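In what follows, a structure is listed as structure tokens, so that the remarks can point back to it.
All of these numbers come straight from a predicted model, not from anything done at the bench. Worth knowing before you read on, the calculation uses all heavy atoms, side chains too, and leaves out hydrogens, waters and symmetry mates. Reminder, nothing fancy here: chain letters follow the sequence lines and each chain counts from 1.
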Amino acid sequence: MKIGYPCINRSIGCTANSTFRLANYSEHRLIEKVGNNLDCLQKILEFNVENNFLFFRISSDIVPFASHPVCTFDWIDHFKKDFVSIGSYIKKNNIRISMHPDQFILINAKDENIVKRSIAELDYHCNFLDAMKLDKAAKVQVHVGGVYGDKDASIERFIKNYNLLPQHIKKRLVIENDHNRFNLSDCLQISSRTKIPIVFDSFHHECFNNGETMKEAAILASKTWKKSDGVLMVDYSSQQGGKVKGAHAQSINMGHFKQFLQEIAGLDCDIMLEIKDKEASALRVHKYISRLETI
DNA sequence: AGTTGTCAAGCTAGT
DNA sequence: ACTAGCTTGACAACT
């Protein structure tokens with residue numbers, strides 16, 4: 001079981017998701033930003049290896065505007081050496097990688113243009129992972145999309161559009177249950193017809209489910225992962241008190257987390273801690289787990 | 001140097 | 001009708 005946190009490290013003093021304004025786009029700026037972001041990504045990964053965080057989500061902002069029409073620059077070729085070098089570091093240290101394109105990515109949108117832009121964005125994510133020469137266990141996770149007042153039709157549209165995706169996207173794309181639109185059983189329905197693996201989001205499952213216990217749900221999701229996809233990815237969080245339903249906790253609630261670990265005991269998975277304070281909470285989790293291992 | 005409005009993109013529920 | 005929330009900050013124009 002690997003533990004990770006998403007995108008941002010707050011203790012090493014650099015970010016791998018630095019961007020700029022579209023209005024200020026220039027090739028020079030793009031090269032500068034991507035160069036810095038890749039340098040910082042390497043530093044974050046080194047920090048992670050030292051601290052035994054072997055699961056990491058790379059920010060979608062690592063190559064700003066990569067899928068925007070304004071970007072015609074061949075960044076894959078320009079940074080080829082860096083990609084290969086970071087990729088070998090990832091493989092050498094057996095780090096699991098994921099990416100999570102933003103909320104604008106809607107494979108099942110009714111508007112063809114949104115679908116087109118979404119595919120362009122997925123293409124960017126997959127090209128990025130391909131450039132690092134990572135195997136297909138490095139995943140790109142999205143939500144199913146919008147309901148548009150007709151869930152069945154929206155599921156059909158997802159499946160239809162998914163089947164049309166190019167192979168280099170299909171091999172990495174996975175779906176995640178969300179907290180108010182498509183829950184685990186909706187995702188399972190899609191998975192049974194497309195064989196797409198499901199990232200299990202435990203917090204979303206608490207918010208929105210079809211009566212499955214945490215353990216049942218995690219096992220159902222894990223069965224959608226083939227050997228070559230790697231083990232089940234889990235997104236873990238809990239409710240931030242005083243905020244609207246679905247708001248992620250600012251810092252980890254260890255009691256809640258321990259109970260979650262007990263509930264899914266015996267299931268191999270990699271856990272992404274979607275907690276706002278990032279590695280601070282991840283360090284507390286590690287302390288707890290290493291204590292368990294020494295007992 | 002510090003503050004603050006704004007940033008490519010969408011959907012949903014809650015106010 | 002409007003906004004918070006979602007991987008959420010961080011950019012950049014303004015004091």
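- Phosphate proximity of C:dG5 to A:His179: absent, as no side-chain N or O sits under 4.0 Å from OP1 or OP2.
- Comparing B:dG2 with C:dC6, their P atoms sit 30 Å apart, to the nearest whole Å.
- To the nearest whole angstrom, the two P atoms, one in B:dA8 and one in C:dA13, are 12 Å apart.
- Taking 90° from 0 as the syn/anti boundary, the base of C:dT7 is oriented syn.
- Rounded to a whole angstrom, the distance from the P atom of B:dT6 to that of C:dA4 is 14 Å.
- Remark: A:Lys151 is not in phosphate contact with B:dT12, judged by side-chain N or O atoms under 4.0 Å from OP1 or OP2.
- Note that CG of A:Leu283 is 11.0 Å distant from CD1 of A:Ile252, once rounded to the nearest 0.5 Å.
- When both distances must be under 3.5 Å, the Watson-Crick or G-U wobble mate of B:dT6 is C:dA10.
- Between A:His204 and the phosphate of C:dT7, there is a side-chain N or O to OP1/OP2 separation shorter than 4.0 Å.
- Residues from residues 21-43 of chain A that place a heavy atom under 4.0 Å from any atom of DNA chain B, listed by number: A:Arg21, A:Leu22.
- An OP1 or OP2 oxygen of C:dC11 is reached within less than 4.0 angstrom by a side-chain nitrogen or oxygen of A:Ser18.
- Under the Watson-Crick or G-U wobble criterion, with both distances below 3.5 Å, B:dC11 is paired with C:dG5.
- A:Tyr148 comes within 4.0 angstrom of sugar-phosphate atoms only, judged by non-hydrogen atoms across all strands, and of no base.
- For A:Asn180, taking side-chain heavy atoms from C-beta onward, the closest of the listed nucleotides B:dA13, C:dT8, C:dT7 is B:dA13.
- Relative orientation of the A:His143 and A:His204 rings is tilted, given thresholds of 30° and 60° on the angle between their planes.
- If you check every strand for non-hydrogen atoms under 4.0 Å, A:Val70 touches nothing.
- Taking the ring centroids of A:Tyr236 and A:Phe203, they lie at or beyond the 6.0 Å cut-off.
- Note on ring orientation: taking the six-membered ring where Trp is involved, the planes of A:Phe83 and A:Trp75 are perpendicular (angle over 60°, cut-offs 30° and 60°).
- Of the side-chain N and O atoms in A:Arg10, one or more sit less than 4.0 angstrom from OP1 or OP2 of C:dG9.
- Judged by distance alone, with hydrogens and angles left aside, the side-chain atoms of A:Arg57 form no donor-acceptor pair with the main-chain N or O of A:Met99 at under 3.5 Å.
- Note on A:Ser67: a base of the nucleic acid sits closer than 4.0 angstrom, heavy atoms only.
- The phosphate of B:dT12 has neither OP1 nor OP2 within less than 4.0 Å of any side-chain N or O from A:His143.
- Remark: the separation of the C1' atoms in C:dA1 and B:dA9 is 22 Å, to the nearest Å.
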